[in-house]
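One structure is given below, encoded as C-alpha cells.
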Amino acid sequence: MQQIRTRFSPSPTGLLHVGSIRTALFSWLFARKKEGKFLLRIEDTDFNRSKKIAVKNIIESMQWLNINWDEGPYFQSQRFDRYNSIIDDMLNKNLAYRCYCSQERLNNLRKIQINNGNKPRYDGYCRNNKQYLHLNKAHVIRFCNPSKGSVSFTDKVRGYIQFDNLELDDFIIRRTDGTPTYNFCVVIDDIDMDITHVIRGEDHISNTPRQINIFKCLNVKIPQYAHIPMILSDNGQRLSKRQNSDSILKYKDDGFLPDALLNHLVRLGWSYKNKEIFNREEMITLFDFSGINKSPSIFNTKKLVWLNHYYINHLPVHYIANHLTWQFNKENISIKNGPPVEELIPLFGKRYKTLKDIVQNCSYIYEDYLEYDLTIVNKYLQKSSIPILIFIRKDLENLLKWSIESIRSLIEVTSKQFKLEKNIINMMLRIVITSVNSSPPIDKILYIVGKKRVLSRIDKIILYLSENS
Ligand code: GLU
C-alpha cells in the first residue's frame, strides 16, 4: 500500500494563527494515524510579503504544540530552478505560452467584462495570437487551461465538486520578473514530495481545479483533497492572519498549555461522538475525515480557558511545572530562591485558569521584598494588631519544625490567646505575607513562603504600624 504523505504549507506572511495551525493539526493527525509522513513546506514565492520572522514564528509555534514534522522545512524560494525548468519544458510542448498583454489591455478587458456582467478572466489573446512570440518584450507565462469540458474531484470533506473549465482562465504560472506563481509551485511540490492527501482550508477550493489541470497536463497522479471549513472568532468574524490577537504564541504568552489549545483546535470543525477531552494519542486514533463538519466552527475562548483549567489540574505536576517555569522566566521572576514550582500547582491550580494568572498571583512566594498596597494594609491592620503580630512572630521563630500542621496549630493558639476568631488572624497574616486579601489557605502559604521571609515581612509591618498608625 502506498504510504500516506501529507504536508502543511504556510505562506510566511504573518504570525501563525489559529486557522492555519488547525489545518496543520488535521494534516499531522491524518499522517500519524496512517503511520505516514508529515512534511513542512514554506511557501515563500512572494518575496514582497514573505518574512523571515514569520518563518521563525511558524517553526516555534509548531514546536510549542509539538506538531512534529518528518521532512522539511522545504522552502519554495530554494526550488525556483526546478519550477522554471518545468515551465520551460511546458513552453516547448505548447502546454504554456508567453503572454505580452499590457496591464492597460488587461484593465480594459476587465472593465468590459464586468460592465457586461461577466466574471473577469483572461481571454486567451496571446494563446491565439503568436505574432509577438519573438519580440524581446516583457511577458508572463500562462498555462494553457483546457478550454472546454470540466474538472472535478471528490473532496474528502465536501464530496463531489465540479468546475466548468470555462470558469477558469489561462492563469499566470510565471510572472514578468521570472518568478513562478503559487498555483504552479504547489503542484510541482506536491508531485516531487509525493503528497497523497492535500488537507487545507476551504478558501483554497477555487485553486484546486486549476491545480488539478496542471497535474493532468503533466500526466501525473492527482492527490486526494480535503478542504476544511473556516474558523470564526468569538464575535463571528473570520479569523485572519493579520489579527495578531489569535497568533499561536500569544496563547503561550497568555499562559495556555499546548494540550489545551490542541484539544480546542481539534474540536473546531471535527467531532467524535460527544467526547470533549482528547489527549494526543486519542486524537490520532480517533481522527477521521468523516468527523469533519462542513460548516464553519467558532473559536470559543471560554471553552479554551475551561480546557486549560482542566489540564492544569489533570496533567502530571512535573509537566505543568516546566511550562510554569517558562512563564516565571517571561515575567522576570527568579524562582531560584523559593520552593520548587511543582509545589505551587496543588495550591494554585484550582484557583487560577491560566499559568500566567498563577505566576502573577504568587510572585510574593519568590520575591524577597514585597510592595505593599497600603490601603489594604490599613484596612486590615492597626496599631492594636502589633501585640498579636509580635506574639505570633515569636512562636513562628521558635517553631522546631516548619510544617503546615505546626503553623496551623500556632494560629489556633494565637486565636485563643487573643480571643479572636481564627479568620481574623488568618487575614492579618495573609495581608502581611502576601499583601492581598485572597490566597490559598494561609498555613500553606506561610509554609511555602518559608520562615525567613515570613519573619522579615512581619517585622516590616510591625515597624510600619508602630510608625504610622
Ligand atoms: N500557502 C497556502 C496558505 O498559506 C497553502 C497552500 C496549500 O495548502 O496548498 O494558505
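All values below were derived from every heavy atom in this structure, side-chain atoms included, with hydrogens, water molecules and symmetry-related copies excluded. Just follow the structure's listing: the first ligand is 1, and inside any ligand the first atom is 1. Quantities reported herein were computed from a predicted structural model and do not represent experimental measurements.
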Ligand 1 versus S9: contacting region, heavy-atom distance under 4.0 Å: both
Close-contact set for ligand 1 against R7 heavy atoms, below 4.0 Å: 7 (C), 8 (O), 9 (O)
Cation-pi, F278 ring and K275 (6.0 angstrom, 45 degrees): yes
Close N or O approach (E43, ligand 1; < 3.5 Å): yes
Closest to atom 4 (O) of ligand 1 among G201, C185, S11 (heavy-atom distance): S11
N-O pairing of E167 and R121 below 4.0 Å: no
Side-chain H-bond candidate by donor/acceptor type, D155 with Y160, under 3.5 Å: no
Partner of N145 under side chain to side chain contact (heavy atoms under 4.5 Å, CB included), chosen from D169, N165, I214: N165
Ligand 1 contact by Q211, heavy-atom criterion under 4.0 angstrom: no
Interatomic spacing from CD1 in I199 to CZ in R22 - rounded to 0.5 Å: 11.5 Å
Contact with ligand 1 for Y182, non-hydrogen, under 4.0 angstrom: yes
